[in-house]
Amino acid sequence: MTVPNNNILQFPSAAHVDRIGRLLIPERLMEARLAARITQTELADRIGVSRQAVSSYEQGDKNPEPSVMARIAAVLEQPIPFFTKEARADFGKHSANFFRKVGADTKRRNQACEVYAQWLSATAHAFDSIANYPAVDLPSFEPRGGSYDDDEIEEYAEVTRQHFGLGLGPISNVVRLMEAKGVIVSRYRIEGESIEAFSYWSGSRPFVFLSSVKESAARARFDAAHELAHLCLHRWVGSEEIEDKDRLKEIEREADRFAGAFLLPAKSFPNEVYSPRAESFIDLKARWKVSIQAMVYRAKDLGLFDDRQVTNIYKQISYKKWRTIEPLDRGPRAIPFEEPLLLKRVAELVFQSGRYSIDSFKSDVALSVRDLERLTGYPFGEHGAEIDLSPSLK
């Protein structure tokens, strides 16, 4: 059984426990379980009850005993108020989440991500009545046919750069650019899972989740551009298309093509590619902050290299053991990661204003301190008022 940690509120008395037990909201229990990526059977084993009992809790047919409720809170690592408060409002109806993969092998992970998407939207919305988020300023496109062809994607990537007032050179910080255009970005680590990124809309507000386990800042930056592509190209795509593996593969290819075109413009990048040798891309990587392998793929898309040359470059990359870790991914010259900042700055502004206390926010949102810190980047911890014990002379 998991030992309760400091993020879990303990019951101060048996009477209080009994009252809270009767107020358990079944949907919140299921939500916390899905976020923890465990089945009803696994939860039952950890809290010492039958799977049928857990099922009855989630159906609202039965309430857990106070001691069982305490174990549920400990195992799922959420404070008791999480299970007794209705989910907070957010910015509006959620669009489909653009996961990279769907299917039985990713179902548990994707269900957890859907819960985290709801939590991020609700957490950001808690500040919305006090702070002004940047206005959403993203172009939106639709294909002329059933799907985008390569020429359309190249055109729309160029239009997007123009819309943002970018020139033809490297983009200094993709994450900061997205935040400035109204996208709420979070870099969240989900233990034991390999999640690259996903994006969605809540009402009229766009959101992007980025992985915190990437070893390459250049690849993480490409992920951000890939999610920007979904926000601009695929807002009209429904969940039924994403659940179709063949259609999802096509959608992902479109987003990759857009990301390459957005980061490495066709009107400027080709002028800097001067050799089909892998080493020649190291300086280009330092300038454009895009992985060597993504630049080679982009060069192929633009017809700068033929298939034989591309194959030869990839052989060089494999020989040099650059498939996973490339030059500039580690060490003193490593390209730095682009960390989200908007939500952290909003939290700082709101709490410093005195119009919304940290304790009130934590009570309203009712998530664990760990999750609040991971979602927002703000260091919540313990912010109790200091007691002045300074003595004075009579």
Side-chain angles (χ1 to χ4, degrees), residues 1-12 16-17 20 23-25 27-38 43 46-47 69-90 112-128 130-131 184-193 195 207 209-213 339-387:
M1 183 179 71
T2 303
V3 177
N5 61 33
N6 293 332
N7 291 337
I8 307 301
L9 298 180
Q10 300 302 305
F11 292 109
H16 188 54
V17 172
I20 287 184
L23 295 176
L24 169 69
I25 298 174
E27 294 80 7
R28 297 291 269 170
L29 174 56
M30 181 183 296
E31 194 176 298
R33 178 177 62 78
L34 292 177
R37 289 160 294 134
I38 60 177
L43 177 59
R46 297 187 194 186
I47 64 176
M69 188 65 235
R71 292 198 293 272
I72 289 173
V75 169
L76 298 182
E77 298 185 290
Q78 292 299 339
I80 292 297
F82 173 90
F83 301 95
T84 64
K85 298 187 70 165
E86 295 286 350
R88 280 192 56 87
D90 54 22
C113 287
E114 287 174 352
V115 173
Y116 286 121
Q118 295 168 8
W119 289 355
L120 177 61
S121 181
T123 299
H125 187 264
F127 298 122
D128 190 52
I130 302 174
I184 296 177
V185 183
S186 178
R187 192 181 294 282
Y188 190 102
R189 181 183 182 88
I190 300 181
E191 303 294 343
E193 296 287 1
I195 298 172
F207 289 81
F209 256 87
L210 298 175
S211 169
S212 66
V213 297
E339 297 296 342
L341 188 60
L342 175 60
L343 205 49
K344 180 180 179 181
R345 287 281 176 85
V346 167
E348 291 172 345
L349 176 67
V350 168
F351 297 143
Q352 289 171 7
S353 74
R355 294 172 58 185
Y356 197 12
S357 72
I358 291 177
D359 286 342
S360 294
F361 171 80
K362 288 162 66 175
S363 176
D364 288 345
V365 178
L367 283 170
S368 70
V369 169
R370 178 202 64 185
D371 285 317
L372 289 176
E373 291 184 343
R374 288 180 175 182
L375 290 169
T376 66
Y378 183 85
F380 284 90
E382 296 299 327
H383 286 80
E386 293 186 6
I387 299 175

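The analysis underlying the following values was restricted to heavy atoms, covering all of them including side chains, and did not include hydrogens, waters or symmetry mates.
With hydrogens and angles disregarded, a donor-acceptor distance shorter than 3.5 Å links the side chain of S353 to the backbone of V350. Side-chain atoms of S121 do not come within 3.5 Å of backbone N or O of Q118 as any donor-acceptor pair. The backbone N or O of Y356 lies less than 3.5 Å from no partner atom in the side chain of S360, so there is not a single donor-acceptor pair. No side-chain donor-acceptor contact under 3.5 Å links R88 to the backbone of T123. In terms of modelled atom types and a separation under 3.5 Å, the side chain of Q78 and the main chain of S368 share a donor-acceptor contact.
Closest non-hydrogen pair, V369 versus K362, comes out as CG2-CE, 4.0 Å. Between A366 and P79, the closest heavy-atom pair is O-CG, 3.8 Å. Between R37 and A112 the shortest heavy-atom distance is CG-CB, 3.5 Å. The two residues E86 and I25 have their closest heavy-atom pair at N-CD1, 3.4 Å. Nearest approach of F207 to A124, heavy atoms of both residues: CE2-CB, 4.1 Å. Of all heavy-atom pairs between S186 and L375, the closest is OG-O, 2.9 Å.
Taking 4.5 Å as the limit, every side-chain heavy atom of L23 sits out of range of all side-chain heavy atoms of F83. Within the 4.5 Å cutoff, no side-chain heavy atoms of I130 are placed close to those of L349. Looking at Y378 and L343, their side chains never come closer than 4.5 Å, going by heavy atoms from C-beta outward. In this structure, the side chains of R46 and I38 come closer than 4.5 Å at one or more pairs of heavy atoms. Annotation: side chain of F361 is in contact with side chain of L372 (closest heavy-atom distance under 4.5 Å). Contact annotation: the side chain of M30 never approaches that of E27 to less than 4.5 Å [non-hydrogen atoms, C-beta and beyond].
For K344, the NZ atom is loosely surrounded, since the number of other residues' heavy atoms within 6.0 Å does not exceed 12.
To the nearest 0.5 Å, atom CD1 of residue I358 and atom CD of residue Q352 are 9.5 Å apart. Atom-to-atom distance recorded for D364:CG and S357:OG is 8.5 Å, nearest 0.5 angstrom. Separation of atoms CG (L341) and CD (E348) is listed at 7.5 Å; rounding is to 0.5 Å. Interatomic distance, T84 OG1 to L29 CG, rounded to the nearest 0.5 Å: 12.5 Å. Atom CZ of residue R374 and atom CG of residue L367 lie 12.5 Å apart, to the nearest 0.5 angstrom. Annotation: the span from L342 atom CG to T376 atom OG1 amounts to 11.0 Å, rounded to 0.5 Å.
By the salt bridge (charged side-chain N to carboxylate O under 4.0 Å, His left out) test, E339 is found to be paired with R187, residues two or more places apart in sequence or in another chain being considered. Partners of E31 according to the salt bridge (charged side-chain N to carboxylate O under 4.0 Å, His left out) rule, which considers only residues two or more places apart in sequence or in another chain, are R28.
Aromatic ring centroids of F127 and F351 lie under 6.0 Å apart. For W119 and Y188, the distance between ring centers is not under 6.0 angstrom.
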Next item on the list: Tell me, with the steps shown, if L76 and L43 meet side-chain contact (heavy atoms from CB on, under 4.5 Å).
Entry: CA-CA 9 Å; L76 298 182; L43 177 59; 4.1 Å; yes
